[in-house]
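Here's the structure we're looking at; comments come further down.
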2 protein chains.
Amino acid sequence: MLTIREVTELTGIAAPTLRYYEKEGLLPHVRRNENGKRLYDEDDLSWIHFVTALRATGMPISQIQKYVYLYKEGDSTISERKMMMLQHKKEIEKSIRELYFNLDKINYKLALYDVIESQIERTNIKI
Amino acid sequence: MLTIREVTELTGIAAPTLRYYEKEGLLPHVRRNENGKRLYDEDDLSWIHFVTALRATGMPISQIQKYVYLYKEGDSTISERKMMMLQHKKEIEKSIRELYFNLDKINYKLALYDVIESQIERTNIKI
DNA sequence: TCTTGACTTAAAGTGAACTTTATAATCTAT
DNA sequence: ATAGATTATAAAGTTCACTTTAAGTCAAGA
């Protein structure tokens, strides 16, 4: 069992953020010791990594809340949870497509700069 | 020359956002008619599309401000602007890599759901 | 024993990027 | 000529996801 400090060192997530996630219901079943201090086990670490992956791919806190709520409901919500993940997968793929699309525009801009620089070279103008 | 309404229809960007971008210095040289109403030309539309691409790829307003400031400075800032774009290109590529990395985790989760569902099928349990 | 440091909570604060509101001026159609 | 829509500005408000602060509890080391 790990203290909150050990988890922050392991994950790079700030302690207040871990408490915030827990308060918002993103981390089910984090235990406490006899004095109320948090103790994290392997399952908690898995949840933290999973929540981090969802956040890093743009899933809002509110939707992760819903997912964890369904998880707590038990096996009857498995298909709904799977559908949430399928939907989120689509969103991520869409984000990637949009990034590539806009990356093209940046590359076009960079190509223009290359043209300008080669013109400067040819005409021997100094900037 | 287009009115702000025509630009919102053309770009899907809300009029207050266009005014906000202009106020923040993201859109150089937007003209006005004799009564102070904005009139956008082709160059303005290009800037709007460019700013939109930068925003959609996560560049902060403050950095776009800096880029436009350099643009207004003239040709002597070309290499600095090109470096900004090269750096931003790297950031976008990093974002794409991270999205793929986390997409893998979501796909792993989905594979687990598939395993669970096939188990349910085999054991004939109804959920 | 004292004090230092790590933990706890609730509540307030922050920063980024808009968005809304309030008020006034101007354009458009009848 | 006038009603209703559109535009302008400045300033306040909103949302999201944390982050910081304030005030307190507790265990361990000098």
Side-chain angles (χ1 to χ4, degrees), chain A residues 1-27 29-41 44 47-69 88 91 95 98 102, chain B residues 1-27 29-41 44-45 47-69 88 91 95 98-99 102:
Chain A
M1 301 290 268
L2 305 168
T3 66
I4 198 165
R5 158 170 264 266
E6 289 164 326
V7 174
T8 68
E9 281 163 1
L10 223 61
T11 63
I13 300 169
T17 306
L18 288 170
R19 296 193 192 100
Y20 166 72
Y21 281 175
E22 187 184 336
K23 197 182 61 161
E24 295 298 315
L26 272 44
L27 305 174
H29 58 57
V30 174
R31 308 288 190 78
R32 306 296 179 104
N33 73 6
E34 66 279 2
N35 292 311
K37 309 287 161 85
R38 287 171 178 80
L39 289 175
Y40 298 83
D41 63 15
D44 296 321
W47 271 105
I48 290 167
H49 289 307
F50 182 49
V51 166
T52 302
L54 294 177
R55 289 291 307 121
T57 48
M59 184 181 280
I61 299 283
S62 57
Q63 218 178 327
I64 307 177
Q65 279 174 339
K66 188 183 167 187
Y67 183 90
V68 175
Y69 170 79
H88 187 52
E91 307 272 5
S95 298
E98 286 173 0
N102 286 301
Chain B
M1 300 290 270
L2 304 169
T3 66
I4 197 164
R5 158 170 263 266
E6 289 165 326
V7 174
T8 69
E9 281 164 0
L10 224 62
T11 63
I13 300 169
T17 306
L18 289 170
R19 295 192 193 102
Y20 166 72
Y21 282 175
E22 188 184 336
K23 197 183 61 162
E24 295 298 314
L26 271 44
L27 306 175
H29 59 56
V30 174
R31 309 289 189 77
R32 306 294 180 104
N33 72 6
E34 65 279 2
N35 292 309
K37 306 288 160 85
R38 288 171 178 80
L39 289 176
Y40 298 83
D41 62 16
D44 295 321
L45 278 183
W47 271 104
I48 289 167
H49 288 307
F50 182 49
V51 166
T52 302
L54 294 177
R55 290 292 307 121
T57 48
M59 184 181 282
I61 299 282
S62 58
Q63 218 179 327
I64 307 177
Q65 279 174 339
K66 187 184 169 188
Y67 183 90
V68 175
Y69 170 79
H88 187 52
E91 307 272 5
S95 298
E98 285 174 0
L99 280 179
N102 286 300

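In what follows, chains carry the letters A, B, and so on, assigned in the order in which the sequence lines appear, proteins first and then strands, with residues in each chain numbered from 1.
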Can you tell me how far P of dC18(C) sits from CG of L26(B), to the nearest Å?
9 Å
Heavy atoms, side chains only, cut-off 4.5 Å: are R55(B) and Y21(B) in contact?
yes
Write down the distance between CG (L27(A)) and P (dC18(D)), rounded to a whole number of angstrom.
12 Å
Rounded to the nearest angstrom, tell me the gap between atom CE in M1(A) and atom C1' in dC7(C).
16 Å
Interatomic distance where CD belongs to E24(B) and P belongs to dT9(D) [whole Å]:
13 Å
Candidates dA8(D), dC18(D), dT8(C) - which lies nearest the side chain of R19(B)
dA8(D)
I want to check something: taking the side chain as every heavy atom from C-beta on, are K37(A) and T3(A) in contact at a cut-off of under 4.5 Å?
no
Using heavy-atom distances to pick each residue's nearest nucleotide on DNA chain D, tell me which of E34(A) and Y21(A) is more 5'.
Y21(A)
For S62(A), which contact category applies under a 4.0 Å heavy-atom criterion: base, sugar-phosphate, or nothing?
nothing
Taken to the nearest whole Å, CD/Q63(A) to P/dA17(D) is 10 Å
Indicate whether OP1 or OP2 belonging to dA6(C) is found under 4.0 Å from a side-chain N or O atom of T3(A).
no
Does the E24(A) side chain pair with the main chain of Q65(A), one donor and one acceptor, at a distance under 3.5 Å?
no
Could you work out which one of dT20(C), dT19(D), dA17(C) sits closest to the side chain of P60(B)?
dA17(C)
Distance check: side-chain N/O of T17(B) vs OP1/OP2 of dA17(C), anything under 4.0 Å?
no
Nucleotide of dA17(C), dT19(D), dT6(D) approaching R5(B) most closely (side-chain heavy atoms)
dT6(D)
Select one nucleotide: of dT8(C), dT9(D), dT19(D), the one nearest the side-chain heavy atoms of A14(A).
dT19(D)
I'd like to check E22(B) versus R38(B) (side-chain heavy atoms, cut-off strictly below 4.5 Å). Are they in contact?
yes
Below the 4.0 Å mark, does dT25(D) have OP1 or OP2 next to a side-chain nitrogen or oxygen of R32(A)?
no
Both Y20(A) and K37(A) contact DNA chain D. Which one's nearest nucleotide lies toward the 5' end?
Y20(A)
Nearest-angstrom distance from the residue atom CE of M59(A) to P of dA17(D)
12 Å
Looking only at dA8(D), dA17(D), dA27(D), the nucleotide nearest the N35(A) side chain is dA27(D)
I4(B) CD1 to dA8(D) C1', straight-line distance once rounded to whole Å
9 Å
Rounded to whole angstrom units, what separation is found between the CG atom of L39(A) and the P atom of dA27(D)?
13 Å
Please report the closest heavy-atom contact between E6(A) and M1(A), naming both atoms and the distance.
OE1-O, 4.2 Å
I61(B), nearest nucleotide to its side chain (from dC7(C), dC18(D), dA17(C))
dA17(C)
